[in-house]
*Asks:* 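This is the structure I want to talk about, given as C-alpha cells.
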Amino acid sequence: VIGTTESYVGGLVGYSNSSYKINKVSVAGNTEGIIDVGGLIGYNHLTTIENSYATGNVNGKNRVGGLVGYIVEDGTSYYRVLVENSYAIGEVTGTGSDIGGLVGSNSEGIENAYWVPETTKQPFSNGGTANTIQKMLKQSGYTDWDFDDIWEIQEGTTLAYLKELPMPSSVEIANME
C-alpha cells in the first residue's frame, strides 16, 4: 500500500476514529506513507486490535509503526487496552520522529503484543514488548494467547498464525533468514 495523501496510511485501515474491533487479521503487504503509517492501521482512535499481525515492511516519516503508526487517547481518565495479542515483524523505517517496531506514537494500553527488534530494525516501540524470533518460534513466547481456538504454531518452524487462515509463508523462519 502506498499512500496517495500525506498521512493516514495502513495495510488494512488508514484512519479509524470509531469504537470498532479489528480481530483475527493478518497483513503481509508493505506500507508506505509520510505521517501516521502502520502495517495494520495508520491512525487509530478508539478501535481495538486483537489477535492480529503484520509482517510487511513499513516506511514513513513521522509516527510510523510495524502494526500501528499513531494511537490517540480517547480523552477519558481510564486505561483502555487498544492492542492485544498481536505482533509485527516487518522492517520499520522512518526519517522523522516517533518510529517504533510495534507502535510509533501511543497513549493507550497494549497487552501481550510484540515486535522483534532484529527484523523490524527498531530497538524502540511506544508500547508492546520486544521479543526475539527464537522465543516467538515457541508457544511459550506468547503470554496468554489462545492456542486452543485462535492461534496455531509449528514450534521451531513458524511464528504464531491464525488458525482460520492458511499459514502465510511470511511467518516461516526459512523466509526470514
Side-chain angles (χ1 to χ4, degrees), residues 1-131 136 142-143 145 159-160 162 170-171:
V1 176
I2 298 177
T4 57
T5 63
E6 293 185 4
S7 58
Y8 314 131
V9 181
L12 180 68
V13 176
Y15 183 93
S16 181
N17 192 26
S18 296
S19 296
Y20 296 118
K21 178 187 274 189
I22 293 174
N23 189 24
K24 300 180 186 174
V25 173
S26 163
V27 176
N30 297 334
T31 308
E32 184 175 333
I34 297 175
I35 300 170
D36 300 336
V37 184
L40 189 67
I41 298 179
Y43 176 99
N44 182 16
H45 179 240
L46 301 176
T47 298
T48 302
I49 301 165
E50 296 177 353
N51 304 309
S52 298
Y53 60 96
T55 60
N57 299 332
V58 183
N59 181 35
K61 182 177 180 183
N62 296 319
R63 297 192 302 243
V64 181
L67 194 71
V68 182
Y70 186 28
I71 299 176
V72 183
E73 70 178 295
D74 68 2
T76 64
S77 60
Y78 64 92
Y79 179 80
R80 291 176 50 101
V81 175
L82 289 183
V83 178
E84 186 172 23
N85 300 346
S86 299
Y87 70 84
I89 61 166
E91 184 174 349
V92 179
T93 56
T95 59
S97 60
D98 297 321
I99 315 301
L102 186 71
V103 177
S105 182
N106 172 41
S107 56
E108 292 290 346
I110 296 176
E111 292 185 358
N112 306 326
Y114 308 102
W115 87 96
V116 178
E118 65 189 285
T119 61
T120 64
K121 308 293 190 229
Q122 293 297 322
F124 172 80
S125 179
N126 202 333
T129 303
N131 210 339
M136 291 180 70
Y142 303 85
T143 303
W145 286 34
L159 303 180
L162 297 165
S170 59
V171 301

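FYI, side chains are in, hydrogens and waters are out, and symmetry mates aren't considered; it's all heavy atoms of this structure.
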*Asks:* Nearest 0.5 Å, please: how far is CH2 in Trp115 from CG in Leu67?
*Replies:*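 Rounded to the nearest 0.5 Å, the CG-CH2 separation comes out at 12.5 Å.
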
*Asks:* Do Leu159 and Tyr87 make a side-chain contact, defined as non-hydrogen atoms from C-beta onward lying under 4.5 Å apart?
*Replies:*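 Yes, side chains in contact.
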
*Asks:* If I compare all heavy atoms of Asn17 with all of His45, which pair ends up nearest, and what's the gap?
*Replies:*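 Distance-wise, the nearest heavy atoms are OD1-ND1, 2.5 Å.
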
*Asks:* Looking only at atom types and distance, does a side-chain atom of Gln122 sit under 3.5 Å from a main-chain N or O of Val92, one as donor and one as acceptor?
*Replies:*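 Such a contact is found between Gln122 side chain and Val92 backbone.
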
*Asks:* Give me each pair satisfying ring-ring contact (aromatic ring centres under 6.0 Å, His included) with a member in residues 9-28, each pair once, sequence neighbours excluded.
*Replies:*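 Counting only pairs at least two positions apart or across chains, the ring-ring contact (aromatic ring centres under 6.0 Å, His included) contacts touching residues 9-28 are Tyr8-Tyr15, Tyr15-Tyr43.
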
*Asks:* Distance check, rounded to the nearest 0.5 Å: Tyr142 atom OH versus Asn112 atom CG?
*Replies:*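 Taking OH in Tyr142 and CG in Asn112, the distance rounds to 12.5 Å.
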
*Asks:* Is there side-chain contact between Thr55 and Val27, with at least one heavy-atom pair below 4.5 Å?
*Replies:*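 They are not in side-chain contact.
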
*Asks:* Can you tell me which residue among Leu46, Val83, Ile41 is in a side chain to side chain contact (heavy atoms under 4.5 Å, CB included) with Ile71?
*Replies:*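 The passing option is Val83.
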
*Asks:* Taking Tyr53 for the side chain and Ala28 for the main chain, is one N or O donor matched with an acceptor at less than 3.5 Å?
*Replies:*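 No; zero donor-acceptor contacts below 3.5 Å.
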
*Asks:* For residues Gly66 and Ala54, report the shortest heavy-atom separation together with the two atoms involved.
*Replies:*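 Result for this residue pair: O-CB, 3.5 Å.
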
*Asks:* Indicate yes or no for a side-chain donor-acceptor contact from Asn85 to the backbone of Glu50 under 3.5 Å, with no hydrogens or angles considered.
*Replies:*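 Not confirmed, Asn85 side chain does not pair with Glu50 backbone.
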
*Asks:* Is there any salt bridge (charged side-chain N to carboxylate O under 4.0 Å, His left out) pair reaching into residues 113-131, and which pairs are they, with sequence neighbours excluded?
*Replies:*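 Qualifying pairs: none.
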
*Asks:* Would you confirm whether Tyr70, through its side chain, and Asn44, through its main-chain N or O, come within 3.5 Å as a donor-acceptor pair?
*Replies:*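 No; judged by distance alone, with no hydrogens or angles, the pair does not exist.
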
*Asks:* Is it true that a side-chain atom of Ser7 and a backbone atom of Ile35 form a donor plus acceptor pair closer than 3.5 Å?
*Replies:*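 Side chain of Ser7 to backbone of Ile35, a donor-acceptor pair under 3.5 Å: no, none is there.
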
*Asks:* Would you confirm whether Asn106, through its side chain, and Asn126, through its main-chain N or O, come within 3.5 Å as a donor-acceptor pair?
*Replies:*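 At least one qualifying donor-acceptor pair exists.
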
*Asks:* Report yes if some heavy atom in the side chain of Val37 is under 4.5 Å from a heavy atom in the side chain of Asn59; otherwise report no.
*Replies:*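 When only atoms from C-beta onward are counted, Asn59 and Val37 do not touch, as no gap falls below 4.5 Å.
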
*Asks:* Counting only N and O atoms by type, is there a donor-acceptor contact under 3.5 Å from the side chain of Ser86 to the main-chain atoms of Ser52?
*Replies:*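 Such a contact is found between Ser86 side chain and Ser52 backbone.
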
*Asks:* Checking the side chain of Asp36 only, and the main-chain atoms of Gly69 only, is there a donor and an acceptor separated by less than 3.5 Å?
*Replies:*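 Here the side-chain-to-backbone pair does not exist.
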
*Asks:* Report the C-alpha distance between Asp98 and Asn62 in whole Å, list the side-chain angles of each, state the deciding distance to 0.1 Å, and finish with yes or no for side chain to side chain donor-acceptor pair (under 3.5 Å).
*Replies:* CA-CA 6 Å; Asp98 297 321; Asn62 296 319; over 6 Å; no

*Asks:* Look only at the side chain of Ser125 and the backbone of Val103, and say whether a donor-acceptor pair between them is shorter than 3.5 Å.
*Replies:*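 Confirmed, Ser125 side chain pairs with Val103 backbone.
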
*Asks:* Apply side chain to side chain contact (heavy atoms under 4.5 Å, CB included) to residues Leu82 and Thr47 and explain how you reach the verdict.
*Replies:* CA-CA 7 Å; Leu82 289 183; Thr47 298; over 6 Å; no

*Asks:* Are any of the side-chain heavy atoms of Val13 and Ile22 separated by less than 4.5 Å?
*Replies:*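 Yes, at least one pair of side-chain atoms sits under 4.5 Å.
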
*Asks:* Taking atom CG of Asn23 and atom CD1 of Ile49, what is their separation to the nearest 0.5 Å?
*Replies:*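 Reported value, rounded in 0.5 Å steps: 11.0 Å.
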
*Asks:* Measuring from Glu91:CD to Thr120:OG1, what's the distance to the nearest 0.5 Å?
*Replies:*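 Interatomic distance, Glu91 CD to Thr120 OG1, rounded to 0.5 Å: 8.5 Å.
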
*Asks:* List the steps, then state whether side chain to side chain contact (heavy atoms under 4.5 Å, CB included) holds for Thr93 with Ile99.
*Replies:* CA-CA 7 Å; Thr93 56; Ile99 315 301; over 6 Å; no

*Asks:* On a heavy-atom basis, which atom in Leu162 and which in Ser26 lie closest, and how many Å separate them?
*Replies:*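 Leu162 and Ser26 have their closest heavy atoms at CD1-N, 4.3 Å.
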
*Asks:* Rounded to the nearest 0.5 Å, how far does CG of Asn131 lie from OG1 of Thr143?
*Replies:*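 Between Thr143 OG1 and Asn131 CG, I get 8.0 Å after rounding to 0.5 Å.
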
*Asks:* Where is the tightest heavy-atom contact between Ile89 and Thr119, given as atom of each residue plus distance?
*Replies:*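 In terms of heavy atoms, the two residues are closest at O-OG1, 2.7 Å.
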
*Asks:* Okay, side chain of Ser105, backbone of Arg63: is any donor-acceptor separation there less than 3.5 Å?
*Replies:*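 Checking the backbone N and O of Arg63 against the side chain of Ser105, no donor-acceptor pair under 3.5 Å is found.
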
